[in-house]
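This chain uses plain numbering: 1 for the first residue, then up along the sequence. Ligands are counted one by one from 1 in listed order, and the atoms in each one are counted from 1 as well.
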Amino acid sequence: MSKNFYITTPIYYPSARPHMGHAYSSIVADFFARFKRIDGFNVFFLTGTDEHGQKIQRAAEKNNKAPLEFCNEISKTFKELSKTLNLSNNDFIRTTEKRHYESVQNLWNILEKKGEIYLSNYSGWYSVSDEAFYLDNEIEEINGVKKSKTSGSPVEWVEEESYFFKLSKWQGKLLDLYKKNENFILPRSRKNEVISFVKSGLKDLSVSRKSFSWGIQVPTNKDHVIYVWLDALTNYISALNYPNTKDSLYKNYWPADVHMIGKDILRFHAVYWPAFLLAAELPTPKRVYGHGWILSGDEKMSKSKGNILDPLEIIDQYGLDPLRYYLLKEVSFGNDGNISKEKLISCINSDLANNFGNLCQRVLAFTEKNLSLKVPKPDLFNKEDLNLLNNFTNNYKNLIDYIDNQNVNLYMNFIVDQMFLANKYFNDQEPWKKKDNIKRLSTIIYTSLELIRKISILLYPVIPGSSLKVLNIFNIKEENLNVSSIKNNDFLKPNQKINKIQILFNKININD
Ligand code: MSP
């Protein structure tokens with residue numbers, strides 16, 4: 001039976017320069033995609049850019065560019081970022097593509113035909129920066145400027161003819177959906193926020209704008225463009241060739257297994273998106289996970305606040321894998337995470353350079369010197385060897401559960417423990433003192449090599465580049481990776497040739 005898994009990142013607003021928050025959202029999604037692939041799933045992992053709406057139109061004007069020209073340039077930087085972050089996405093969708101236009105207009109037509117959309121007038125608050133409508137009670141005034149209480153973005157008063165989606169009608173069905181699918185919204189704390197928002201009463205949602213033109217036209221009224229969130233959310237099915245619901249991509253991958261998003265856009269994904277889909281009689285996604293924010297000095301990292309840690313600079317300076325490792329290990333997943341260069345450096349030095357990197361170098365150097373770079377034939381494993389080797393077998397099911405429940409930190413803690421234990425094992429066993437007991441020496445080295453192999457497989461979703469460098473010593477290639485092989489204690493074959501290892505991680509001087 002083939003197992004399919006569909007995971008998405010949000011599609012990014014092409015802002016001038018991607019920041020660490022953007023990088024984080026993509027890296028966590030890539031982590032899950034990669035794990036599921038090595039667990040035998042056919043994974044479809046989607047990312048892209050969200051290019052319509054007033055925010056982009058204004059940004060283009062500010063840059064003296066036509067909107068599409070502006071988007072072409074900036075979308076490219078996000079595409080490049082996905083390569084720089086070593087994302088394993090299967091597709092990169094742009095909302096300015098023809099396939100997406102057709103998909104959005106089709107969804108609109110269905111909603112209109114079903115009587116879910118009607119023409120009226122909107123008057124109320126709108127934040128261009130969030131591309132969101134806000135109610136009076138969601139606004140506060142600070143120093144004479146009206147702002148959204150939740151995002152802090154300035155709002156402006158809008159009065160114009162607009163189409164409305166009958167969101168209020170779906171209140172009960174949405175509450176049923178949250179009740180029936182306990183894990184539809186994760187983490188739990190955020191689920192409660194969404195439920196109380198829906199319970200407090202939903203108003204019909206304005207889904208078109210008339211005062212600007214940068215968007216997808218309402219098919220039945222050329223004076224209106226479709227609200228950018230209805231447009232953007234549809235990307236998740238456009239990439240699967242919707243409206244062709246018979247297409248194999250759509251059939252295999254919809255409904256999505258997880259929409260991985262930041263908590264700031266939870267309402268759009270957990271309320272509006274399922275309501276649109278319910279109204280169109282399309283299946284709703286299985287899960288929406290709203291991760292926390294990356295903070296810098298206790299504030300959300302964002303361009304307007306000027307507190308951006310530039311992912312490209314960090315990668316240039318310290319490398320990609322250290323950054324991926326740091327973000328996945330040190331941010332408590334689901335919560336906000338305060339990051340700093342100092343913490344990044346100490347994490348690289350302690351876990352990657354001193355611990356795992358050092359273990360690999362020492363075991364390999366020993367094998368080269370004493371065993372001609374060949375896997376030795378182990379004798380009987382003793383209790384200490386087996387304790388460590390079997391940790392993986394015994395925790396295999398837990399690891400799968402951690403991933404399925406988006407428990408990134410438990411997964412990372414397991415790896416950190418195993419790296420520490422393997423290092424300690426090699427030190428305590430002192431193979432360099434056992435040169436006259438070749439059977440024991442061989443067993444210790446065999447065990448150490450097996451531990452390195454198992455740990456590297458688990459590290460693959462976290463630091464794919466470095467993990468593959470290590471696995472290459474055993475000639476294990478990416479296409480043959482299989483997480484279930486960590487249950488196997490005799491995967492490596494005696495006499496098998498071992499390739500030399502390249503330097504994995506450099507220790508960083510904090511003053512550099
Ligand atoms: N275009 C919309 C998403 C449409 S999805 C149909 C959007 N784009 S965004 O570029 O502003 O944000 C993209 C992702 O980055 C979101 O998940 C957002 O939560 C995340 N982050 C932006 N700043 C962030 C932090 N400082 N920290 C963590 N993630 C944050 O929203």
Side-chain angles (χ1 to χ4, degrees), residues 7-30 46-56 59 71 74-75 77-78 81-82 85 87 92-96 100 103-104 107 127-132 148 150-153 190 215-216 226-239 256 258-274 276-277 285 288-311 327-328 330-339 408:
I7 183 165
T8 66
T9 69
I11 46 170
Y12 296 87
Y13 288 130
S15 48
R17 212 170 150 81
H19 61 68
M20 198 59 89
H22 298 138
Y24 179 68
S25 231
S26 312
I27 288 172
V28 291
D30 186 59
L46 179 69
T47 186
T49 42
D50 178 1
E51 303 181 18
H52 291 129
Q54 207 166 8
K55 171 150 100 174
I56 306 296
C71 290
I74 311 273
S75 176
T77 60
F78 275 85
L81 179 72
S82 65
L85 298 177
L87 302 186
F92 185 100
I93 190 161
R94 297 184 56 187
T95 55
T96 44
H100 179 68
S103 164
V104 172
L107 183 62
S127 157
V128 175
S129 154
D130 302 343
E131 296 285 17
S148 147
T150 38
S151 70
S153 309
R190 298 211 209 296
I216 299 180
I226 296 174
Y227 175 40
V228 64
W229 272 100
L230 171 51
D231 162 346
L233 288 159
T234 308
N235 90 89
Y236 299 131
I237 51 177
S238 311
V258 191
H259 289 317
M260 186 57 67
I261 55 161
K263 63 179 183 180
D264 48 327
I265 54 174
L266 190 57
R267 189 184 292 184
F268 303 99
H269 283 80
V271 182
Y272 302 164
W273 179 226
F276 297 148
L277 291 166
V288 176
Y289 193 103
H291 65 68
W293 283 337
I294 297 296
L295 307 175
S296 167
D298 289 329
E299 284 204 318
K300 182 184 178 214
M301 202 171 289
S302 75
K303 212 172 119 215
S304 52
K305 294 197 171 115
N307 57 357
I308 291 176
L309 256 192
D310 187 328
L327 290 174
L328 287 162
E330 301 269 317
V331 176
S332 153
F333 194 58
N335 299 318
D336 292 347
N338 209 320
I339 64 166
V408 178

**Q** Measure across Leu233 and Phe276 and return the closest heavy-atom pair with its distance rounded to 0.1 Å.
**A**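 Here Leu233 and Phe276 meet closest at CD1-CE1, 4.1 Å.
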**Q** Is it the case that the side chain of Glu51 and the backbone of Arg94 share a donor-acceptor pair, with hydrogens and angles ignored and the cut-off at 3.5 Å?
**A**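 Checked: no pair found.
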**Q** Determine whether any heavy atom of His291 lies closer than 4.0 Å to an atom of ligand 1.
**A**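 Yes, His291 has heavy atoms under 4.0 Å from ligand 1.
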**Q** For His269 and ligand 1, answer yes if some heavy atom of the residue is under 4.0 Å from a ligand atom, otherwise no.
**A**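 Heavy atoms of His269 do come under 4.0 Å of ligand 1.
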**Q** Are Tyr236 and ligand 1 in contact, using a heavy-atom cut-off of under 4.0 Å?
**A**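 Contact check Tyr236 vs ligand 1: positive.
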**Q** Hey, what do you get for CD1 (Ile11) to NE2 (His100), rounding to the nearest 0.5 Å?
**A**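 Here the interatomic distance stands at 6.0 Å.
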**Q** Using a 4.5 Å cut-off on heavy atoms from C-beta on, say whether the side chain of Thr95 contacts that of Asp231.
**A**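 Sidechains of Thr95 and Asp231: in contact.
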**Q** May I ask you to list the atoms of ligand 1 that are less than 4.0 angstrom from any heavy atom of Asp264?
**A**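 Going through ligand 1 atom by atom, the ones under 4.0 Å from Asp264 are 18 (C), 19 (O).
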**Q** Answer yes or no: is there a donor N or O on one side and an acceptor on the other, between the side chain of Ser25 and the main chain of His22, under 3.5 Å?
**A**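 Flag not set: sc Ser25 to bb His22 has no pair under 3.5 Å.
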**Q** Going by the closest heavy atom to atom 17 (O) of ligand 1, which one wins out of Pro18, Gly262, Gly53, Ala29?
**A**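 When every heavy atom of Pro18, Gly262, Gly53, Ala29 is considered, Gly262 comes closest to atom 17 (O) of ligand 1.
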**Q** I'd like to check which ligand 1 atoms, numbered from 1 as shown, lie under 4.0 Å from a non-hydrogen atom of Asp50.
**A**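 Every atom of ligand 1 under 4.0 Å from some heavy atom of Asp50: 1 (N), 2 (C), 4 (C).
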**Q** Closest by any non-hydrogen atom to atom 20 (C) of ligand 1: pick that one out of Gly48, Gly290, Ser25, Ser26.
**A**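 Comparing heavy atoms across Gly48, Gly290, Ser25, Ser26, the nearest one to atom 20 (C) of ligand 1 lies in Ser25.
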**Q** Nearest 0.5 Å, please: how far is CG in Asp130 from OH in Tyr13?
**A**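 Reported to 0.5 Å precision, the distance equals 7.5 Å.
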**Q** At a 4.0 Å threshold, what atoms of ligand 1 neighbour a non-hydrogen atom of Gly292?
**A**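 Near Gly292, meaning under 4.0 Å from one of its heavy atoms, ligand 1 has 28 (C).
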**Q** With heavy atoms of Ala232 as the reference, note each atom of ligand 1 found under 4.0 Å away.
**A**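 The list of qualifying atoms is 6 (C).
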**Q** Is Tyr13 close to ligand 1, meaning an N/O of one under 3.5 Å from an N/O of the other?
**A**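 There is such a contact, yes.
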**Q** Under 4.0 Å from a heavy atom of Ile261: which atoms of ligand 1 are those, numbered in the order shown and with their elements?
**A**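 Taking each heavy atom of Ile261 in turn, ligand 1 has 17 (O) under 4.0 Å.
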**Q** For ligand 1 and Lys263, I'd like to know whether there is a polar contact (N/O to N/O, distance under 3.5 Å).
**A**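 No, Lys263 has no N/O under 3.5 Å of an N/O on ligand 1.
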**Q** Which of the atoms in ligand 1, numbered in the order shown and given with their element, are less than 4.0 Å from a heavy-atom of His19?
**A**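 Within the 4.0 Å cut-off of His19, ligand 1 contributes 22 (C), 23 (N), 24 (C).
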**Q** So which atom in Glu131 and which in Trp229 form the shortest heavy-atom distance, rounded to 0.1 Å?
**A**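 In this case the closest contact between Glu131 and Trp229 is O-CD1, 3.0 Å.
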**Q** Does ligand 1 have an atom that lies less than 4.0 angstrom from a heavy atom of Phe268?
**A**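 Heavy atoms of Phe268 never come under 4.0 Å of ligand 1.
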**Q** With no hydrogens and no angle check, is any side-chain donor or acceptor of Asp336 less than 3.5 Å from a backbone partner on Trp293?
**A**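 Side chain of Asp336 to backbone of Trp293, a donor-acceptor pair under 3.5 Å: yes, one is there.
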**Q** Distance under 4.0 Å to a non-hydrogen atom of Ile265: what atoms of ligand 1 satisfy this?
**A**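 Those qualifying, in numeric order: 3 (C), 16 (C), 17 (O), 31 (O).
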**Q** Taking all non-hydrogen atoms of both residues into account, name the closest pair between Phe92 and Ser82 and its distance.
**A**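 Scanning both residues completely, I find the closest heavy atoms to be CD1-OG, 4.4 Å.
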**Q** For ligand 1, which atoms sit closer than 4.0 Å to a heavy atom of Trp229?
**A**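 Listed by number with element: 2 (C), 3 (C), 4 (C), 5 (S), 6 (C).
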**Q** Quick one: pull up OG in Ser75 and CD1 in Ile93 and give me the separation to the nearest 0.5 Å.
**A**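 Atom-to-atom, Ser75:OG and Ile93:CD1 are 11.0 Å apart.
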